[in-house]
Amino acid sequence: MEMILERLIALNTRQTKEQTRAFIKECPLRDYDELTRSPRLKQMAERINSTTDDEEQRKLKSWLPFRCPHYTQFRDDYRDREHIVAESFTWQTCIDIDDPELVEKANEMSERLDIEAGGQWQGLMLHKDYSIRRKLHIDIRLPIGMTVPEAQREYCKALGVECDTSCFTPERFIYISPADFEIYRADGWYQQLSEDEIALRRKAYTDRGLSIDGRTEDGSYYDPEGDTCVAEATEGRYPGEFKGVAYTSLISEFWRRTGGEPAEGERNKRLHQLAANLRAICDNSEEWLLEVMPRFGLSEAEMKSIIHSACKEPTKGSRLIDQIVNALEMGISSDEIEDAEAVAAETGVKVNVKALPIGLKESLAGVPVSMHMPVLCGVLPIAAAYADQVQIQYCDGNLQHLGLMSIIRGEQASNKSVVKNAVDVWKRQFDEEDALARKREEEWKERKKGRKANEKAPEDPKVLIRMVPVTVSCSTLLKRFKNAQGHTIYSFGEELDTLRKTNGAGSWSSKYDIYRLSFDKGEWGQDYNSDAAESGVVKVAYNWTMLGTNGAMRKCFKSDNIENGLSSRILVAEMPDSSFSKMPKFGRRSTEDEARIQEAVTRLRSYSGLVDTPRLRKAIEEWVEQKRIEAAKDIDHVKDTYRKRAAVIGFRCGVIFHLLSGRDKETKACLEFALMMADYCLSQQIKAFGEALQNQYVDAHEECQRYGANHSVFDQLAPTFTIDDLRALKRGYCSETAMRVIISRWMRDGWISKTDRHHWTKNVTK
């Protein structure tokens, strides 16, 4: 397993007289945690709060330990601007709410901002605690391209409070309060970012003529509103972001897409080009453009001339700016936005990478947008297997476990290995633990084989092995289940056809039963009157991910077994069609990304017991009812069959998202993810298996094409209709019994009323 980068923090514990306020030392974050749990700090807090003398209070406070939010390292452990190690910049800052009347307002607003889907500050809150005097500290991640003062001003504006300009100093420190004063902590607090992200963030600064940590030549952070030479032009009268994307980030990406920052000889031309592209999202306002555009040393008069010239041209939108905004909203490269739009048009889903939690986000690092869903579907079953001590309550009130099975299908050479590469990172902890268990088992086998005839056989160690090959025999699989100690077993198969071929001689049906039962942790067993084969009855908890061609999947799921229940329990994902297409470009998953995935694994393994998700239950319940109505209107038995378990699968995926997010309550992003997965699962199940039910049910896809996306069978009927009208629309696809059943359901739901023996009247225009 890759070593997880240690989180570092600049601390002054104030434990000796030598540790003056100029002293600071880089320490592991665990030193901070030990400090916050120390009796000494708790006693200091109690003393400060018990005294009413202001002078005494200030004296006591001056001996509190403190941390630096902006840097982890200062040369010679000396805390001043000249000794800052710029490379140790944390890419975060701490907002200080000092007005006691605004503390709870800011506390509440910070939560809203952090979960606002598509908002500028979504997911950027890193830490929050009360100070010893019950003021509020909020640590946030800096948006790409924003300096500390810019982020502080924008965030405080969003909170609805005045910002404290004393918080803008690079060498600033924050007094530390006891552990029980902490309100929230995210994964990324003091997390060292990946090399790629650091390079991107540094470039966003240097493109503006700043240092790699956003400072100017005098060593202070760049602050346009605090700089007298540009204060007139930057009064902050206009929004600093568009659709939640900071203009600084947007401009930085614009330069990247158009050949880089303008050189001295082309500044006017390139700035004119930038203004022409930006003006549509600045309401063609010259004042707004003057406020958000970089200057590269040009005077205000020169900038006004450039902007005025650009705004004289006919007003038009900018496709490039639209692409950049959409890409930054989704957390992908703007080069990939066209692919993302094509995938969304084809599948109906658009993955918001920016909103994904730890583990899932890093799984998509370096993965082309067109393959995002296959990779997510590939890793979710193993993520669920790690969270196998969790119980969840579904919409129907029943308790469930996180059982998931996925098949990633695609033709030969469709890059299914991209899924394997992601799963390989996720399964490292299983592999390491299983290696030790298998070694013990092999040693036992050798002792058993080498014993003398009169010696007693050594006792079976009954080892726990979590990763089994998909070709495992039923007997060995039963043994693994018996030794599972309540854990979920997991398999990854690179070739679905290999599985099918090894399940010959009638054993496929037995394995098929195991897979079906594993979805809801059902009982399975076998009974042999022989020591040569394993016997017993067990609870089946078995997740798996399999890759395979479309042909192999057709052979595994033929029409004679498609209705047995397994097809509706499988999360199917389809690789993009690679016919005659250019070679896809894959990026590199950094060691930091891999370390974050291991953090995600550890987090999932830490959960146990009932995890209650009421918001998620409500969202899924509404979704499955919506699909019931759609299916009922079209008498669509295929959709009606698959909607039920697609909802369960979407719900379980949402629970995994929630666990990885580390939040107390399900966020809006979590609900959106669950519904996206349910939608995708349903559409892919219908696409993969719906045609096999055509002899008995109407294929939902063909029906949709026949009548159009917005015209169901119910909508096609006249306000007053007969069963002959319904029969004509269904064109022989439904039996008489089925049509009468659906009419009865429409009446029960209040959609229609019977007017006479042969006629019904619509009550609603669903």
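Note that the structure is a prediction, hence the values are computed from the model and not measured. Positions are given from 1 along the sequence. Side chains are part of it too, since the values below use all heavy atoms of this structure and drop only hydrogens, waters and symmetry mates.
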Where the side chain of [X] meets the backbone of [Y], is there a donor-acceptor pair that is under 3.5 Å apart?
X: S131; Y: L136; answer: no
X: D114; Y: L124; answer: yes
X: R67; Y: F173; answer: no
X: S252; Y: S249; answer: no
X: Q92; Y: I140; answer: no
X: N12; Y: I24; answer: no
X: R37; Y: P178; answer: no

Determine, for [X] against [Y], whether the closest basic-nitrogen to carboxylate-oxygen distance falls under 4.0 angstrom.
X: R589; Y: D593; answer: no
X: E150; Y: K157; answer: no
X: K618; Y: E621; answer: no
X: R428; Y: E594; answer: yes
X: D77; Y: K25; answer: yes
X: R596; Y: E592; answer: no
X: R617; Y: D612; answer: yes

[atom1]-[atom2] distance between [X] and [Y], expressed to the nearest 0.5 angstrom:
X: L660; Y: L604; atom1: CG; atom2: CG; value: 4.5 Å
X: L126; Y: R185; atom1: CG; atom2: CZ; value: 11.0 Å
X: S363; Y: I382; atom1: OG; atom2: CD1; value: 10.0 Å
X: R30; Y: L8; atom1: CZ; atom2: CG; value: 9.5 Å
X: Y205; Y: M146; atom1: OH; atom2: CE; value: 9.5 Å
X: E111; Y: K665; atom1: CD; atom2: NZ; value: 9.0 Å

Open item on the list: According to side-chain hydrogen bond (donor to acceptor under 3.5 Å, both in side chains), who are the partners of Q400, at least two apart in sequence or on a separate chain?
Closed with: R652

Task: Partner residues of D31 under the side-chain hydrogen bond (donor to acceptor under 3.5 Å, both in side chains) criterion, sequence neighbours left out - done: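 Per chain and number, D31 pairs via side-chain hydrogen bond (donor to acceptor under 3.5 Å, both in side chains) with no residue.
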
For [X] and [Y], which heavy atoms make the closest approach, and how far apart are they?
X: A385; Y: N543; result: N-ND2, 3.5 Å
X: I97; Y: A106; result: CG1-CB, 3.9 Å
X: F168; Y: R153; result: CE1-NH2, 3.6 Å
X: Y607; Y: V390; result: CB-CG2, 3.5 Å
X: M677; Y: C653; result: CG-CB, 3.9 Å
X: R133; Y: N49; result: NH1-OD1, 3.0 Å

Any donor-acceptor N or O pair under 3.5 Å, side chains [X], [Y]:
X: Q73; Y: E87; value: no
X: K128; Y: S110; value: yes
X: E26; Y: T72; value: yes

Decide if atom [atom1] of [X] counts as having more than 12 heavy atoms of other residues, nucleotides or ligands within a radius under 6.0 Å.
X: R47; atom1: CZ; value: no
X: K135; atom1: NZ; value: yes
X: Q391; atom1: CD; value: yes
X: D664; atom1: CG; value: no
X: K668; atom1: NZ; value: no

- [ ] Check the pair Q389 / H487 against side-chain hydrogen bond (donor to acceptor under 3.5 Å, both in side chains), numbers first and verdict last.
- [x] CA-CA 7 Å; Q389 299 305 295; H487 289 291; 3.3 Å; yes

Open item on the list: Can you tell me which residue among R112, K105, E104 is in a side-chain contact (heavy atoms from CB on, under 4.5 Å) with E108?
Closed with: R112

- [ ] Test ring-ring contact (aromatic ring centres under 6.0 Å, His included) on Y71 and F89 and set out the steps.
- [x] CA-CA 5 Å; Y71 299 91; F89 188 50; 5.3 Å; yes

Task: Side chain proximity check, Q598 to Q429, heavy atoms < 4.5 angstrom - done: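 Contact flag for Q598/Q429 side chains = yes.
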
Below 6.0 angstrom between ring centroids: does that apply to [X] and [Y]?
X: Y190; Y: Y32; answer: no
X: F23; Y: Y78; answer: no
X: F657; Y: F673; answer: yes

Open item on the list: Would R134 pass as a cation-pi partner of F181, given that its NZ or CZ must be under 6.0 Å from the six-membered ring centre and within 45 degrees of the axis?
Closed with: yes

Task: ring pair (Phe, Tyr, Trp, His ring centres under 6.0 Å) pairs, two or more places apart, involving residues 121-146 - done: W121-Y155, H127-W189

TODO: List the steps and the verdict of side-chain hydrogen bond (donor to acceptor under 3.5 Å, both in side chains) for D213 and S211.
DONE: CA-CA 5 Å; D213 52 345; S211 67; 2.5 Å; yes

Open item on the list: Run L399 and L610 through side chain to side chain contact (heavy atoms under 4.5 Å, CB included) and show every step you take.
Closed with: CA-CA 9 Å; L399 295 181; L610 179 65; 3.8 Å; yes

Task: ring-ring contact (aromatic ring centres under 6.0 Å, His included) between F430 and Y386, intermediate numbers included - done: CA-CA 9 Å; F430 276 164; Y386 279 118; 4.1 Å; yes

Open item on the list: Working note: R81 + S220, criterion side chain to side chain contact (heavy atoms under 4.5 Å, CB included); need CA distance, chi angles, decisive distance, verdict.
Closed with: CA-CA 8 Å; R81 199 163 300 184; S220 61; 3.5 Å; yes

TODO: Begin from the C-alpha positions of V148 and H70 and carry the test side chain to side chain contact (heavy atoms under 4.5 Å, CB included) through to its verdict.
DONE: CA-CA 9 Å; V148 166; H70 299 141; 3.7 Å; yes

Task: Passing candidate, side chain to side chain donor-acceptor pair (under 3.5 Å) with D388, options R605, R466, H401 - done: R466

TODO: Could you check Q152 against T93 for side-chain hydrogen bond (donor to acceptor under 3.5 Å, both in side chains), going step by step and ending with a plain yes or no?
DONE: CA-CA 8 Å; Q152 289 255 358; T93 190; 2.9 Å; yes

TODO: Take M44 and L64 through the test side chain to side chain contact (heavy atoms under 4.5 Å, CB included) and record every step on the way to the result.
DONE: CA-CA 8 Å; M44 289 181 74; L64 282 172; 3.8 Å; yes

